[in-house]
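Since the structure comes first, as structure tokens, the remarks are kept for the end.
Note that this is a predicted model, so its numbers are computed, not measured.
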Amino acid sequence: MRIMLSKLIPPIPLLRRKWNPKMASVRWFSVSPIDMAARDGELRVFLVAGEASGDSIASRLMASLKTLSPFPLRFAGVGGAKMASEGLQSLFPIEDISVMGLWELLPHLYRIRVKLNESVKAAALFEPHVVITVDSKGFSFRFLKQLRDRYSHKKLHTPAHFHYVAPSFWAWKGGEARLRGLAEFVDHLLCILPNEDKICRLNGLCATFVGHPVLEDFLELNLINNSSTHEWRAEGNGEDFRNKHAVPAGATVISLLPGSRIQEVSRMLPIFSDTMELMKNMVPQLMTVIHVAPNEHVENFIAGAVHRWPVPVILIPGGTTQLRYDAFSASRVALCTSGTVAVELQLARLPCVVVYRAHILTEWFIRYKTKIQYISLPNILLDKAIIPEALFQNCKPANLALLLNDLIHDNDCREEQILAAHKFVKLLFPSERIKYHLPQQNLIGAYPDYTPSALAALAVLNHDSCKFGKFISLSIGWSHSMALRLS
């Protein structure tokens, strides 16, 4: 059943904006996507995701939009297999723009420039009501800026521009100051971390804190397993995983997550292999599970590398929530490249070590520009070195083997990570910040039945202007809670 959003959130009038010659991209009128969809009989959404994690986030957003939109939807853009399953026919493979780093980017600049131009032209031809980019700020922001310039040059009404996953402005020197420039081509930021939305609004950007997308893993597992646990802990079936993959009863299993981009994996997997070579003499019956990101280049690289793997190995494909968390539950510890996976491991309560290596020039840039002490999000938000990190020159097999061996055998260290994970996961959920402002507090509990993607979808469907950003942030949880009950 489709929900008429106008019955849940009061209609917002059209706003006339003042012309500012310094901001050629400013629109004469701000019209909500729902108003334009009502005019055209459909809601056209152009999406761009540049990597595997973005593909997952965008696919869930697409599913929520289809559930909540009072109008039929049509999608176009760039994405991966998960977005394809929701109805997107990608302009080109997502691997074509999945590049990370500074020096690592140089060999691919021409190809990415070609894909950027192709994306802008395709978006203009599609005539979307909404444009949504997900993470991958290097490509995303250039795309949004060029698209807005194109519309402005032709004096056309521009669609609403959303960016999902705010750039980590809090991590870089001068990062907050650069937020103001985003307002020229980003209309609304969908933030996944606490307090990002407040800082964005202080710098002139409309923003909504929707919660971290990884929380949806917990909700998906609960639905699959018909569970009602309220501990915000994503538990897989470790026993089933061990049985299916013939893991010996006394074996110690380590989950390895080398990254989602080929540049990361080709750099990190040899380090992981050398680490396991050292550890096989420390830990009897050692087995490894390599989580393979849904990226064709990554899949091919790992398939070739495991022929020389020093210990027994199980490969599991990325993109399957149940299988991933089953593997986590069967594992004693995890070794992961810094990224979203560190958050997933906290949700699974699996103790881990976070590592990172890049080209020497990229590492130098990070050292010079960063203003935070840690690289993994749990350590950053808790402001404490709960998770061991081995970065740059410290990311050596001998160091990693010692850290993992300690974490396998030191129960106090393990328990400290597990307890901290509970505190960390609670920070990713927005309900505690908004429920005291809701019109009817009894409609929402400590663990409400909405998802980050549903909140993001409501923010998109009800977008009009920054003036109403606070209203949306405070009422969005109540509206979705009501919508689910009405359906």
**Q.** Interatomic distance, L400 atom CG to M268 atom CE [nearest 0.5 angstrom]
**A.** 7.0 Å

Q: Using atom types as modelled and distance alone, determine if a side-chain donor or acceptor of N295 lies under 3.5 Å from a backbone N or O of R261.
A: no

(Q) Within the 4.5 Å heavy-atom criterion, are H212 and L193 side-chain neighbours or not? (A) yes

Q: State, yes or no, whether a side-chain contact exists between M276 and W309 at a heavy-atom distance under 4.5 Å.
A: yes

Q | Q417 side-chain N/O to C352 backbone N/O, donor-acceptor pair under 3.5 Å | A | yes

Q. Should E415 and L419 count as side-chain neighbours, where that means a heavy-atom distance under 4.5 Å?
A. yes

Q) Can V355 and I271 be said to form a side chain to side chain contact (heavy atoms under 4.5 Å, CB included), step by step? A) CA-CA 10 Å; V355 298; I271 298 174; over 6 Å; no

(Q) Can you tell me if I372 has over 12 outside heavy atoms packed within less than 6.0 Å of its CD1? (A) yes

Q. Counting N and O atoms only, with roles assigned by atom type, does the side chain of S266 sit under 3.5 Å from a partner on the main chain of Q263, one being a donor and the other an acceptor?
A. yes

**Q.** Smallest separation among heavy atoms of A390 and N394, with atom names
**A.** CB-O, 3.8 Å

**Q.** K371 and E176 ion-paired at < 4.0 Å
**A.** no

Q: Starting from the C-alpha separation in whole Å, work towards a yes-or-no answer on side chain to side chain contact (heavy atoms under 4.5 Å, CB included) for V333 and V353.
A: CA-CA 8 Å; V333 295; V353 174; over 6 Å; no

Q.
Could you report the tightest heavy-atom contact between L381 and F424, atom names first, then the distance?
A. CD1-CE1, 3.7 Å

Q. Side chains of I366 and F392: closer than 4.5 Å at any heavy-atom pair?
A. yes

Q | CE-CD1 distance between M287 and I314, expressed to the nearest 0.5 angstrom | A | 4.0 Å

Q.
Run the side chain to side chain contact (heavy atoms under 4.5 Å, CB included) test on R60 and E86 for me, step by step, so that the C-alpha distance in whole Å, both residues' side-chain angles and the decisive distance to 0.1 Å come before the verdict.
A. CA-CA 8 Å; R60 283 168 164 164; E86 294 295 339; over 6 Å; no

Q. Measuring from L215:CG to E344:CD, what's the distance to the nearest 0.5 Å?
A. 11.5 Å

Q: Could you name each residue pair satisfying ring pair (Phe, Tyr, Trp, His ring centres under 6.0 Å) that touches residues 398-419, not counting sequence neighbours?
A: none

Q: Kindly assign one of parallel, tilted or perpendicular to the pair F162 and H188, based on the angle between their ring planes and the thresholds 30° and 60°.
A: parallel

Q. Hey, is R324 close enough to D217 for a salt bridge, meaning N to O under 4.0 Å?
A. yes

Q | Basic-acidic side-chain contact under 4.0 Å: R357, E363 | A | yes

Q) Hey, does the side chain of E95 reach the backbone of E296 with a donor-acceptor pair shorter than 3.5 angstrom? A) yes

Q: Heavy atoms only: give me the nearest A330-R242 pair and the separation to one decimal.
A: O-NH2, 3.1 Å

**Q.** Whether H245 side chain and V247 backbone form a donor-acceptor pair below 3.5 Å
**A.** no

Q) Is it true that atom CD of Q373 has more than 12 heavy atoms of other residues, nucleotides or ligands lying nearer than 6.0 Å? A) no

Q. When rounded to the nearest 0.5 angstrom, what is the spacing between SG in C206 and NE2 in H463?
A. 6.5 Å

Q: Considering non-hydrogen atoms only, spot the tightest contact between L88 and G77 and give its length.
A: CD1-N, 3.4 Å

Q: Determine the minimum heavy-atom distance between A49 and I97, stating which atoms define it.
A: O-CD1, 4.3 Å

(Q) So L345 and L257, do their side chains get closer than 4.5 Å, heavy atoms only? (A) yes

Q. Do other residues, nucleotides or ligands put more than 12 heavy atoms under 6.0 Å from Q285 CD?
A. yes

Q) Side chains of Q322 and D326: donor-acceptor distance under 3.5 Å anywhere? A) yes

Q.
Can you see whether T321 engages E220 through a side-chain donor-acceptor pair at a distance of less than 3.5 angstrom?
A. yes

Q) Between atom CD1 of I386 and atom OG of S376, what is the distance when rounded to the nearest 0.5 Å? A) 10.0 Å

Q) Does G79 offer a backbone N or O that forms a donor-acceptor pair with the side chain of S90 under 3.5 Å? A) yes

Q: Check for a donor-acceptor pair, side chain of N203 on one end and backbone N or O of I199 on the other, with a separation under 3.5 Å.
A: yes

**Q.** Residues S136 and E51: side-chain donor-acceptor under 3.5 angstrom
**A.** yes

Q) Nearest 0.5 Å, what's the CG-OG1 distance between L269 and T275? A) 10.5 Å

**Q.** Residue pairs involving residues 263-305 (criterion ring pair (Phe, Tyr, Trp, His ring centres under 6.0 Å); sequence neighbours excluded)
**A.** H291-F328

Q.
If the threshold is 4.0 Å, N to carboxylate O, is there a salt bridge linking R414 and D410?
A. no

Q: Inspect the surroundings of NZ in K369 and state if more than 12 heavy atoms from other residues, nucleotides or ligands are less than 6.0 Å away.
A: yes

Q. Looking at P167 and K137, what are the two nearest heavy atoms and their distance?
A. CB-CD, 3.9 Å

Q: Please confirm whether the backbone N or O of D96 pairs with a side-chain atom of R111, one donor and one acceptor, at under 3.5 Å?
A: yes

Q: Could you tell me whether a side-chain N or O of S56 sits under 3.5 Å from a main-chain N or O of A52, the two making a donor and an acceptor?
A: no

Q: Answer whether the closest heavy-atom distance between the side chains of V165 and I57 falls below 4.5 Å.
A: yes

Q. So F46 and F143, ring pair (Phe, Tyr, Trp, His ring centres under 6.0 Å) or not? Walk me through it.
A. CA-CA 12 Å; F46 195 94; F143 165 75; 5.8 Å; yes

Q. Do the side chain of N405 and the main chain of A401 share a donor and acceptor less than 3.5 angstrom apart?
A. no

Q. Is there a side chain to side chain contact (heavy atoms under 4.5 Å, CB included) between T208 and D197 once you walk through the steps?
A. CA-CA 6 Å; T208 301; D197 57 331; 5.8 Å; no

Q. Does some side-chain heavy atom of L455 sit less than 4.5 Å from a side-chain heavy atom of F209?
A. no

Q. Are any non-hydrogen side-chain atoms of N300 and I262 less than 4.5 angstrom apart?
A. no

